[in-house]
Amino acid sequence: MAKLSPLEETLLNGDSCTSSKSDPIKTKGNENLNRNSNAGFFNILTFSWISPLITVGNERTLNHEDIPRLGTDDSAYGIFQTFRSKLQSECGSVRNVTTLKLAKVLFLSTWQGIFLSGLFAFLYTCASYVGPFLIDILVQYLNGEHMFKNEGYVLTAAFVAAKLLESLADRHCMFRFQQVGVQIQSKLVAMIYAKGLTLSCQSMEVHSTGEIINLMTVDASRIGEFCWYMHRPWMCVLQVALALLILYRSVGVASIAALAATVIVMFLNHPVASLQEKFQGKVMESKDNRMKATSEILKNMRILKLQAWEMKFLSKIIQLRKTEEIWLKKFLAGSAVVRFVFHNAPTFIAVVTFGTCVLVGIPLESGKVLSALATFRILQMPIYGLPDTVTMIAQSRISLERIASFLRLEELQTDVVEKLPWGSSDKAVELVDGNFSWDLSSSNPTLKNINLTVFHGTRVAVCGTVGSGKSSLLSCIIGEVPKISGSLKICGTKAYVSQSPWIQSGKIEENILFGKEMDREKYERVLEACSLKKDLEVLPFGDQTIVGEKGINLSGGQKQRVQIARAIYQDADIYLFDDPFSAVDAHTGSHLFKECLLDLLKSKTVIYVTHQVEFLPDADLILVMREGRITQSGKFNDILRSGTDFMELVDAHRAALSSSIKSLERRPTFKQQSTTKENKNSLTDFEYEENEENIHDKKDNKDDTNESKGQLVQEEEREKGRVGFNVYWKYITTAYGGALVPFILLAQILTVGFQIASNYWMTVATPVSGTAEPDIGSLTLMLVYVALAIGSSIFTLARAFIAVIAGYKTATVLFSKMHFCVFRAPISFFDATPSGRILNRASTDQSELDMSIPSLVWAITLNLIQIFGNIVIISQAVWQVFLVLIPVMAACIWYQRYYSASARELARLVGTCQAPVIQHFSETISGSTTIKCFEQESRFNDINMKLIDRYSQPKLYSAAAIEWLNFRLDILSTLTFAFCLVFLISFPNSFTAPGIAGLAVTYGLNLNSLQTNIIWFLCTLENKIISVERILQYTSLPSEAPLVIKDNQPEYYWPSFGEVHIRDLQVRYAPHLPIVLRGLTCTFTAGSKTGIVGRTGSGKTTLVQTLFRLVEPVAGQILIDSINITSIGIHDLRSRLSIIPQEPTMFEGTVRSNLDPLEEYTDEQIWQALEMCQLGDEVRKKEGRLDSIVTENGENWSMGQRQLVCLGRVLLKKSKILVLDEATASVDTATDNIIQQTVKHHFAECTVLTIAHRITSIIDSDMVLFLNQGLIEEYDSPKKLLKNKSSSLALLVAEYTRRSDSGFGN
C-alpha cells in the first residue's frame, strides 16, 4: 500500500483538523493485536481474539491506533474493485444498473459470509427447539415415570448441550451478519463516492450534496443492517415447521389450529407492511428535502447572519421538519400497531390451540401444556421479528432503489475532449466548430460556433461582459460542458484555478502540494511568486496552519493565492485561470501577474479569464466574448482598432480611471477627521501619544501572544468514559418532564404479570398425567386463561402507544432545541466546525432519535421485568438457585463493566469517524472540477477508501466485542440453568410439584436469551445514546448576543444619519488566536463614502465583520449615531445595515425568494430593484420570471449575475449604512461602473464603506482608510494622500495607472 500523503494522514487522524506524527501506516490499526483472520480455532470459537483490545480499553481510553487492522475481505481496498467490476460485467455499465441487479451483485460478492451466517442460523434454530421437545419428558420423569437408569442426568446433559450449541451458533451468526453488513456498506459508500466524481452538471442539479450524503449515511447503512434480517424469512418457515412437529406430539390435531392461527397472524402483516413501506418512503423523501436545505444553509451561514435572515431560514427548516413529522407520526403509529398485533400473537395462538383441544376433547396435561407454551415462546421470535423484517425489507428496497437511481444518473461525457500524447502536436488546444451547452435540452447553446487554436507556450486572455460565456469556455476545455457538435483536442496536462477558490480542510502546505512530493526549492519559489511568504509569517503556524472547511480562516485573496500556488506547483503544460486576480488587491495582482504568468509560466500555455483590462496587453491572443460567441480575437492593439465589443470594455475601464482621478481634482476636501499629523482624529495630543504607545506596545509584545495561538479547527469533541446518567435522565424527562415514564413502566409490569399468571394458571389447573382427573372444568380453565390473555393484550397496546408518544415528543423537542442553538451560535462556531459534523447530527443522529432509541429504552425495561419474573418462577421451584444466581449475577456485572469501557469508546469512534467521510465527500463534490482537471480522481478515491476503512474498523470490532461479552454471559446463564436441572433431578418430589418444576425449567430455558437481549439492548442503547449525547452537546452551544434587547431597542428610523465612530477597536477571532485589529480609532461621517484598502490579510474584512458583530471586539467600541452597537440586539443591528458580501450567494428557490426571503416587498418593488441592478431584462427572458428556478448555490447564474442579485437585495433594503466587501470582484469593468453609479445614485445620502482591490472603486471616495496588519497606516481624503507621492495610496494608483497604460511586458 502506498505511503499516505500528509493531507490523507490529517484526514485519517480524526476530523481533518489535527496533525499527527504517528507512522501513517500504523494509523490503519495496531498490527500487534490478534485479528480474526490469524487467530486459532479456540480463539475464534470463544471470541478470545478480541480480548487484548478489550483489556487495553479497560486499562485506558481507546484510541484509533489501538484497533486492529481490517482483514482484506473487510477492507474497502480489498472488496471495492471486485464489486465494481462484477457490477459492470453484470450491467454492462454502471449507468444500466437496476435495483435487482445491484442486490444480486451485492449478494454474489459476499455470498461466503452470507452462507456461513445462514449455516449458524440453521444450527441455532434447531438447537433452540430441543428444550421444548424435552420438557414433557422431564415433567413425566419428575412425576416418577423413569424410562431408563440415569435418565434424569441424560436429560440434563441434553438440555445443557443444546443450550451451548444454541449460544455458540447465535453468537457467530450475529457476528457474521455484522461483518457482511460492514462489507456491504463499505462497497456502497465507495461506489457512491466514485460516482459523485463523475456526475455531469445536470445530474448535480438533480441531486444536491445533502441528498447524496443521505445516501451514504442513511441508505448504505440501512442496507448494511439488512444483513441481520436476510435469513429471517426462511428461518421463520423452519421455526414454524419445527414448532408444528412439537405441537403435534403434544396436542395432536389441535396443532392444525395452531398453524391456522400462525398463518392468520402472518397474513395480517401484508396491509400493515405496505403502509409502513409507504410511510418510510415519505419520511426519507422529507428528510432528503430537509438535509438539502440544511446543507445549503450551513454553507452560507455567514451571509444569513450578515443579512439577519438566519431565523427566517430556521423557520424554513422547522417547516420542512414538520412535513417529515407528519409521515414520521404515521410510521411510528404503524410500528405501535405492529408491535401490539405481533406481541400478542403467541397468546392468540395459545388460546386458539388450547381452545381447540377443549372443543375436540384432547386432554390437557401440564407437561404437554408446558411443552406447547415453550414452543409458543420460541415461535414468538419469528412472529416478533416478522414485522421488523418486513419493515426492514421495505426500507432496504427503497434504499436500494434510491442508490440504484443515483448510480444511473448521467455522467460527464468522456468524448468531449480528445487527449493527444505530449509532443504529438504543436497545438496545446484546438477547438473546431464547437457548440456546447450546459443544458442539452435547451435550444440556445451556451457556447456557439467556437473556433480556437492555441499553440504551446501562448498566453491567451479571455474577456467579455458578465454572462458572456468566459468561464464556460474554460469549463469546456476541461471537459465539463456537454458537447453538441465540433471537435476539441488537448495536448498536455492541465491545471485549473477556479473563480470561487476551492480549498481543502488541512494544512496550507498540503493544499499547495496537492498530492505531489515536496521539492523544497520549487515550493519556496512558488510561495514567493504567489506573495504567500508574508501571509505565512503572520499565520500562527505558517504553512502548517490548518485551514477550516472551505478555507474559512483565510481571506478571499489568500485563498485565491493558495489556489494559484497549487496550480503552479503541479508543473502542468496548460494553465486555465478563471479570473484569479479579482480577489486580490492591486499590488498583489500586479505581483502575481508578473511573477506567475510572465515569469514562472512563461514557457507554458496559459488561458486566463479577466475583467481587468490592464492584464490584456501582455497576452499573445485576446478573445472577446459576447453571448457565448467569440466576437473578436487577436493582439491588444489590433482588436482595439477592429471592433466595438473590446473597445467598449477598454473605454469603460479608462473612463472609470480618468473620471475618478479628475473628480478628485474638482472636489472640495470633505470635512472629516483624519489621522494625518495635522489632525490626529480629534484626540488630544496626550491621548494620541498614549494611543500610539499602546499600538507599539502591542507590536513589541506580539511574541507574547504565541503561547495562546492555536489552530482554528479543533478535533471533534469526543466524550470520554461512561455516558453520563444525566444523558439518560435528560432523554427520558424531555417529553412532558418524564410524566409518561411511570405509565409505561406500569403497563410493562402488568403485561408481564398477566403473561406469567396465564402460564401459571394453565400449569396448576391441568393434571400432570393423562391418568389423573382434572380438578377444574375445561370451560373455567379457558375462560380464566382468555381473561388473563386479554388483560395482557390491553396493557401491551397501552405501553406500545405511550412509548411511541414519549419517543416522538423527545425527538421533536431535541430537534428544535439543537437547531435553534446551532442557528444562534456565533459565526466562530461555524468557522471552527466542519459542516459534516452538524449534518451528521441532523441526519444520522436524528434518525436514531426518531426511529431506534425509544424502542431500545423500553425494550430494556421490559426485558428486565421479564427476567425478574423468570427468577421469581424459578425460585418457586428451586429457591436454592440463589446460591448460584448471586455469584453468577456478580460475574455478569463484572464482565459487563469490564467490556463497556471499550465498547463505549469504540461506539464513539464510530461516531467521530463518520464525519470525515461526509466532509471529504462534501469537499470533493465542491472541488470536483479542480480534481478532474488535475486528474487526481484515483488519489481522492484512495483517501475515501482509507476513511471508509477507518470508520469500519471500530464498527466491526465493536460487533466482535459485544459477541465476546454475550458468549461469556451465555455460559454463566447456562451454568444457572444446569444447576436448577441437577438440583431437580437429584431431589425429585422433595420440594415442589412436577408441574411447577416443569414451569421453572420452561422459564429457565428462556433465561439466557433474555439476558442476551438485555445486554444487547443495553450495549446497543449505550452506543446509540451517544447520538443523544452528541445532539445534547449542540443544545448547549454558546449563543450570540440576544437578537433583540427589549429594554434597549433602537427607534424604527435608526440609524437616521449613519455616522460610524470607532474607538480603540481590538478584535481576535478566538481566545487562542492572535489579535487581528490592534486598536483602530477613526470616524466615518454620516453620508460619506469611504474606501478601505490594504494588503490581503490586513484586517479589512475583519473590520466589516465587527461592524456587523459577527465577531465581538475584545476591547474598544463602535458607535452608530451615538448608539454603542454592543448595547442593542444583533437582529436590530444587522437588519438596519446593508452589505454586498465578498462571495456572492444565491439560495435554491426562486428569483423572488432570493431577493426578498423575508417576504417584505411587493413585486413592483422587486422589479424596480432588478431594473436598477441591470437584471430586469435577464429575468424577463426566463420562463417563470420572478418565480424562475434558482438551483443549489445559484449554479445556473454566472458569478457576476449573482453579485448583481446581491446589489438588488441592498437596493430593496435601503439602509443608511452600506458596506461593499469586494462587491465588484467578479464583474467586468463596465458592470463595475454600473454598480458604482447605481450605488452613487441610490445611496447618495448614505454612509458607504467600500472594500475593493480596484482603484477605480475607491479613488473617488471622500476618504480612504489604508490598513496594514490590523493598524491604520493612512486615513485621509484621496486628494491629500495622492499629493504625497510616497503615500501608500499614491504608490498603488501609480502602479495601477502604469500597468493600465502599458501592461507588464514593457
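Count residues from 1 along the sequence. Quick note: numbers below take in every heavy atom, side chains included, and nothing from hydrogens, waters or symmetry partners.
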Discussion item. Between S85 and T82 (side chain of the first, backbone of the second, donor and acceptor by atom type, cut-off under 3.5 Å), is there such a pair?
Written reply: yes
Discussion item. Take a 6.0 Å sphere around CH2 of W234 and say whether it holds more than 12 heavy atoms from other residues, nucleotides or ligands.
Written reply: yes
Fill in: ring pair (Phe, Tyr, Trp, His ring centres under 6.0 Å) partners of Y895, counting only residues at least two apart
W964
Practice prompt. Taking the side chain as every heavy atom from C-beta outward, state whether S847 and K287 have any atom pair closer than 4.5 Å.
Written response: yes
Response to the item:
In this structure, CG of L165 is separated from CG of D170 (nearest 0.5 Å) by 10.5 Å
Worksheet item: If you measure only the distance, is there a donor-acceptor pair under 3.5 Å linking the side chains of Q896 and S900?
Response: no
Discussion item. Which residues pass the salt bridge (Lys or Arg N to Asp or Glu O under 4.0 Å) test with E937, not counting sequence neighbours?
Written reply: none
Fill in: Donor-acceptor side-chain pairing of K187 and S109 below 3.5 angstrom
yes
Discussion item. If the condition is side-chain hydrogen bond (donor to acceptor under 3.5 Å, both in side chains), which residues does Q239 pass it with, not counting sequence neighbours?
Written reply: none
Fill in: Minimum heavy-atom distance between A220 and M216, given as atom pair plus value
CB-O, 3.5 Å
Practice prompt. Would you name the heavy atoms of S396 and F226 that are closest together and state the gap between them?
Written response: OG-CB, 3.3 Å
Worksheet item: Mind checking what makes salt bridge (Lys or Arg N to Asp or Glu O under 4.0 Å) contact with E401, not counting sequence neighbours?
Response: R397
Discussion item. Just verifying a value: how many Å separate I223 CD1 and L400 CG, rounded to the nearest 0.5 Å?
Written reply: 4.0 Å
Worksheet item: Within a strict 4.5 Å, meaning less than it, do heavy atoms of the N96 and R408 side chains meet?
Response: no
Item to complete: Under the side chain to side chain contact (heavy atoms under 4.5 Å, CB included) rule, collect the residues that match up with F107, sequence neighbours excluded.
Response: I114
Worksheet item: What distance separates S186 OG from L70 CG, expressed to the nearest 0.5 Å?
Response: 7.5 Å
Item to complete: Name all residues meeting the side chain to side chain contact (heavy atoms under 4.5 Å, CB included) criterion together with Q88; count only those two or more places apart in sequence or in a different chain, and write none if there are none.
Response: R84, V94
Practice prompt. Kindly compute the distance separating CD1 (I1025) from OG (S852), expressed to the nearest 0.5 Å.
Written response: 11.5 Å
Worksheet entry | Polar side chain donor-acceptor pair, S835 to Q919, under 3.5 angstrom | no
Item to complete: For E963, check side chain to side chain contact (heavy atoms under 4.5 Å, CB included) against everything at least two apart and list the hits.
Response: F47, R171, M174, F175, N966, W1016
Discussion item. Testing the 3.5 Å rule here: is there a donor-acceptor pair between the side chains of T217 and Q914?
Written reply: no
Worksheet item: With V56, which of I67, T61, L62 fulfils side-chain contact (heavy atoms from CB on, under 4.5 Å)?
Response: L62
Discussion item. Going by side chain to side chain contact (heavy atoms under 4.5 Å, CB included), name the residues that satisfy it together with T98, two or more places apart in sequence or in a different chain.
Written reply: L100, K101
Fill in: Partners meeting salt bridge (Lys or Arg N to Asp or Glu O under 4.0 Å) with E225 (sequence neighbours left out)
none
Item to complete: Check whether more than 12 heavy atoms from other residues, nucleotides or ligands sit under 6.0 Å from atom CZ of F122, and answer yes or no.
Response: no
Worksheet, complete the sentence: Sorted by chain and residue number, the side-chain hydrogen bond (donor to acceptor under 3.5 Å, both in side chains) partners of E324 (sequence neighbours excluded) come out as R290, R321
Worksheet entry | Separation between OH of Y124 and OG of S117, rounded to the nearest 0.5 Å | 14.5 Å
Practice prompt. Decide yes or no for I184 and V180: does some side-chain heavy atom of the first lie under 4.5 Å from some side-chain heavy atom of the second?
Written response: yes
Fill in: Residues forming a salt bridge (Lys or Arg N to Asp or Glu O under 4.0 Å) with D288, sequence neighbours excluded
R402
Worksheet entry | D73 and Q183: side chain donor to acceptor below 3.5 Å | no
Fill in: Straight-line distance of L168 CG to D970 CG, nearest 0.5 Å
8.5 Å
Response to the item:
Residues at least two apart in sequence or cross-chain that pass side-chain hydrogen bond (donor to acceptor under 3.5 Å, both in side chains) with K282, listed by chain then number, are none
Fill in: Side chains of L53 and P68 in contact at under 4.5 Å (non-hydrogen atoms)
yes
Worksheet item: Quick one: are L947 and Y951 in side-chain contact, heavy atoms under 4.5 Å?
Response: no
Worksheet entry | Side-chain heavy atoms of L199 within contact of I212, under 4.5 Å | yes
Discussion item. Counting neighbours of NZ on K104 that are heavy atoms of other residues, nucleotides or ligands and sit closer than 6.0 Å, is the number greater than 12?
Written reply: no
